[in-house]
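The chains referred to below are lettered A, B, ... by the order of the sequence lines, with proteins before strands, and numbering in each begins at 1.
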Protein chains: 2
Amino acid sequence: MTNKKRTTIKDIANVLKISAAAVSKALHDDSRISAKTKAAVKKVAKELNYQPNHLASALRKGKSNLVGVIVPRTNSHFFSSVIQNIEEMLNREGYNIIITQSNESFEKECRNIDTLLFTQVDGIIASMANETTDLSYYEKIKFKGIPLILFDRGENDLNVDYIGIDDYNSSYMIVEHLINQGCQRIAHIGGYKHTRIFNNRIRGYIDALKKYNLPLDNELLIESSLSTEEGRKKMNQLLRLKNRPDAVYVASDYAALGALQVLQENRIKIPNEIALVGFGNEPFTAMVTPTITSIEQHSAEIGKQAAKVFLGHAKGTFVKQKLNKTILNAALIVRDSSNIKRI
Amino acid sequence: MTNKKRTTIKDIANVLKISAAAVSKALHDDSRISAKTKAAVKKVAKELNYQPNHLASALRKGKSNLVGVIVPRTNSHFFSSVIQNIEEMLNREGYNIIITQSNESFEKECRNIDTLLFTQVDGIIASMANETTDLSYYEKIKFKGIPLILFDRGENDLNVDYIGIDDYNSSYMIVEHLINQGCQRIAHIGGYKHTRIFNNRIRGYIDALKKYNLPLDNELLIESSLSTEEGRKKMNQLLRLKNRPDAVYVASDYAALGALQVLQENRIKIPNEIALVGFGNEPFTAMVTPTITSIEQHSAEIGKQAAKVFLGHAKGTFVKQKLNKTILNAALIVRDSSNIKRI
DNA sequence: TATATTTGCTTAAACGTTTAAGCAAATATA
DNA sequence: TATATTTGCTTAAACGTTTAAGCAAATATA
C-alpha cells in the first residue's frame with residue numbers, strides 16, 4: 001500500500017494543462033498568477049497529496065533551510081533547553097535544525113563540522129568542546145561564508161557572533177555571596193583556563209577575593225574537566241589539605257554534585273563546615289539533599305537569541321561576520337548548600 | 001576572504017579536459033576509470049578544495065542520506081545515549097541524523113514528522129510521545145514507503161520494527177525483588193495504560209502479585225504522566241491512605257525522584273518504612289540519597305540495534321515493513337532505596 | 001482610437017550531480 | 001588474422017524545482 005512515485009509539480013501541471021512554472025508560482029502565491037489558477041493548483045496539489053521536494057528547491061535556490069547545531073552533549077538541561085528554543089524559533093521561519101554532539105571531543109567536533117558542511121547547512125550554531133583550542137575547523141566555516149554563531153563556550157579570536165552570560169560577574173557574585181555567609185577560605189574547582197568562559201570565572205573568583213582582602217591560596221584554585229567524577233577527585237584533594245577550605249565554588253553543577261557526594265561520605269556538614277556552590281542551575285541541584293546553590297544561565301533566552309542572530313544573517317540584515325557579543329545577566333539561586341544560618 | 005563560488009565537478013573536469021561524468025566516476029572509484037585519471041581527479045579535487053554538493057547527489061539519487069530521529073526529549077540519559085549510538089553507527093555508513101524532540105506532545109510530534117518528511121529523510125527512528133494514541137501520522141510515514149523503526153515507546157498496531165526491553169519481565173522482576181525484601185503492600189505509580197510499555201509494566205506488576213498470592217489493591221495502582229512533579233503528587237496521594245504501602249514501584253526514575261523527595265519531607269525511612277524502586281537507571285538514581293534501585297534499559301544497545309535495523313532496510317536486506325520485535329533483557333540494579341537489611 | 005502598461009501565463013535554462021547508453025581504441029581470444 | 005571482449009572514456013538526459021526573459025491578451029491611459 002505504498003505509493004511508488006511521489007507527486008511532482010509536473011503532475012499538477014499535467015492535470016490542469018498549464019506549465020510547471022505556473023504551478024510553482026501559484027504555490028508560492030506569485031502576484032502574476034490569477035486567483036483562479038492559484039485556487040485550482042492548490043486544490044489539485046491537495047488531491048494528489050503533493051509534497052514539495054525540498055532537495056530540488058534547495059539545490060535550485062542554493063540554500064538548504066537547514067541549520068546545524070553543535071553541542072558538547074544533549075543530556076544536560078542547559079543544552080537541551082538551548083536547543084529546544086533554537087528549534088522553536090527557527091521552525092517558525094521554515095528552518096530545520098540538525099543536532100550533533102561532540103561529546104567534548106575535539107576530534108568528534110571536527111567530524112561534526114565536516115558533516116554539517118557536507119549537508120549544506122545554511123548556518124551553524126555551536127558551543128565548543130572543552131578540549132578545543134585549534135580553531136581551524138571553525139575558520140573553515142567562516143571561509144565558506146556560512147554564518148557561524150557561538151554560545152556559552154565561545155572564542156573571541158574567531159570574530160563571530162556570541163551569546164552567553166557574564167561569567168566574570170557571575171563568578172564574582174558567587175564569591176561575594178559566600179563571603180557574606182561568613183566564609184573565609186573559599187576554594188574554586190574551575191574549568192581549564194584555556195576555555196574563555198572558565199578563564200573568566202577564575203578571574204571573577206580572584207578579583208572578588210582581592211576586593212574583600214582575602215588571600216589567594218594556590219592550593220585552593222584547581223583546574224579540572226568538571227565531570228562528576230572529576231568533582232569527586234578534586235574535592236577529595238581539597239579535603240586532604242592540612243588547612244581545609246570552608247567553602248567550595250565549583251564551576252559546573254555536575255562536578256559540584258561529585259563534590260557533594262564526597263562531602264557527605266565524609267560526614268561533613270553542608271553548609272556549616274563547608275559551603276558549596278555550583279554553576280548552571282541544572283534541575284538536579286534542586287533535587288539533591290541538600291539543594292545546591294547555583295547560577296541560572298537563561299538557557300531559553302540564549303537559544304532564542306542565537307536563533308535570532310542567525311535569522312538576521314539569513315535575511316541579510318547583518319552583512320558580515322564580526323565579533324558581536326550578546327551578554328545576558330545571570331542570576332544567583334541561593335539554596336541550602338550555601339545558606340548558613342547563624343545563631 | 002570568503003570564496004563566492006564553490007568548486008564543482010565541472011571545474012575539475014575543465015582543468016583536466018575530461019567530462020564531468022568521468023570526474024564523478026573517478027571520485028566514486030568506478031572500475032571503468034583508469035588509475036591514472038582517478039589519481040589526477042583526486043589531486044585536482046583536493047587542490048580546488050572540492051566538496052561534493054550533497055543536495056545535488058541526493059536529488060539525483062533519490063535519497064538524502066539523512067535519517068530522522070524523534071524522541072520525547074533529549075535531556076534524559078536514556079534518550080541521549082540512544083541517540084548517540086544511533087548517530088555513531090549511521091555516521092559510519094555515511095548517514096547523518098536529524099534529531100527532533102516532541103516534548104511529549106502529540107501535536108509537536110506530528111509537526112516533527114511533517115518536518116522530517118519534508119526534509120526527505122531516508123528513514124525515521126522514533127520513540128513515541130506519551131500522549132500519542134492517534135497513529136495516522138505514523139501511518140503516513142509507512143504509506144510513503146519510508147522505513148520506520150520504533151524503540152522503547154512503540155505500538156504493535158503499526159506493524160513496524162521495534163526495539164526495546166522486556167517491560168513485562170522487568171516489572172515482574174521488580175515486584176519479585178520487593179517481595180523478597182519482605183514487602184507486602186506494594187504500590188505502583190505507573191504510566192498511562194494506553195501506552196504499550198506502561199501497560200506491560202502494569203501487567204507485570206499485577207501478575208507478580210498474583211503469583212505470590214498478594215491481593216491487588218486498586219488504590220495502590222495509579223496511572224500518571226510520570227514527571228517528577230507527578231511523582232510528588234501521586235506519592236502524597238499514597239501517603240494519605242489509611243493503609244499505607246510498604247513499598248512503591250514507580251515506572252520512571254524521574255517520578256521516583258519526586259516520590260523520594262516527598263518521602264524525605266515526611267521523614268519516612270527509606271527503605272525500612274517504605275521501599276522505593278524506579279525504572280530506567282538514569283545517572284541521578286546513583287547520585288541521590290538514598291540511591292534508588294532501578295532497571296537498566298541498555299540504551300546503548302537499543303540505539304545500535306535501531307541503527308542496524310534501519311541499515312538493513314536501506315541496504316534492502318529487509319524487504320517490507322512488518323512487526324519485527326527485538327527485545328532486550330533488562331537488568332535490575334539494586335540500590336539503597338530497596339535494600340532492606342533485617343536484624 | 002492609438003499607444004503604454006499590466007496581467008497571466010509559457011519557454012527555456014539552470015542548480016550539481018549521477019547514470020544509462022554508446023563509441024572508439026586497446027586488448028584478448030580463436 | 002579476424003572477431004569478441006574489455007577498457008576508458010563521452011554524450012545526453014534526468015532528478016524536481018525556480019526564475020529570468022519573453023510574449024500575447026487584456027486593460028489602462030492619453
Nearest-angstrom distance from the residue atom CG of A:N53 to P of D:dC15: 11 Å
Distance, rounded to the nearest Å, where A:R6 contributes CZ and D:dA14 contributes P: 19 Å
Atom-to-atom span, CD1 of B:I9 to C1' of C:dC15 - whole angstrom: 13 Å
Base C:dT17 to side chain B:K25, donor-acceptor N/O within 3.5 Å cut-off: no
Test: B:E87 and A:K108 ion pair at under 4.0 Å: yes
Given C:dT17, D:dT17, C:dT10, the nucleotide with the shortest approach to the side chain of B:Y50: C:dT17
Touch class at under 4.0 angstrom, heavy-atom based, for B:I18 against every strand present: sugar-phosphate
Of residues 31-41 of chain A, the positions that come close to DNA chain C - non-hydrogen atoms, cut-off under 4.0 Å: A:R32, A:I33, A:S34, A:T37
Nucleotide C:dT19, atom C1' - distance to NZ of B:K63 in whole Å: 16 Å
Nucleotide of C:dG16, D:dT18, C:dT19 approaching A:H28 most closely (side-chain heavy atoms): D:dT18
Whether B:Y95 and B:F310 hold their rings parallel, tilted or perpendicular, with breakpoints at 30° and 60°: perpendicular
Residue met sooner reading DNA chain C from 5', once B:A56 and B:A21 are mapped to nucleotides: B:A56
Side-chain ion pair, B:K140 and B:D114, N-O less than 4.0 Å: yes
Option among B:R153, B:Q305, B:E155, B:R196 that satisfies the side-chain hydrogen bond (donor to acceptor under 3.5 Å, both in side chains) test with B:Y162: B:R196
B:K304/B:E88 ion pair, N-O < 4.0 Å: no
Geometric class of the B:Y137/B:F106 ring pair [parallel <30°, tilted 30-60°, perpendicular >60°]: perpendicular
B:K10 NZ - C:dT17 P separation (whole Å): 9 Å
Closest-nucleotide ordering on DNA chain D, the 5'-leading residue of B:R60 and B:S19: B:S19
Euclidean distance, atom CG of residue A:L55 to atom P of D:dA14 [Å, nearest integer]: 19 Å
B:E47 atom CD: more than 12 heavy-atom contacts under 6.0 Å: yes
Between D:dT18 (C1') and A:L27 (CG): distance, integer Å: 12 Å
Salt-bridge contact A:K42-A:D29 (side-chain N to carboxylate O under 4.0 Å): yes
Presence of B:H54 side-chain N/O under 4.0 Å of C:dT17 phosphate oxygens OP1/OP2: no
Pairing stems for DNA chain C [at least three consecutive pairs; Watson-Crick or G-U; under 3.5 angstrom]: C:1-30 with D:1-30
Shortest side-chain distance from B:L59, nucleotide among C:dA12, C:dT17, D:dC15: D:dC15
Atom NZ of A:K325: over 12 foreign heavy atoms under 6.0 Å: yes
Nucleotide C:dG16, atom P - distance to CG of B:D11 in whole Å: 9 Å
Phosphate-side-chain proximity, B:S24 and C:dT18, N/O vs OP1/OP2 below 4.0 Å: yes
Check: B:N112 side chain, B:Q101 main-chain N or O, donor-acceptor pair, under 3.5 Å: yes
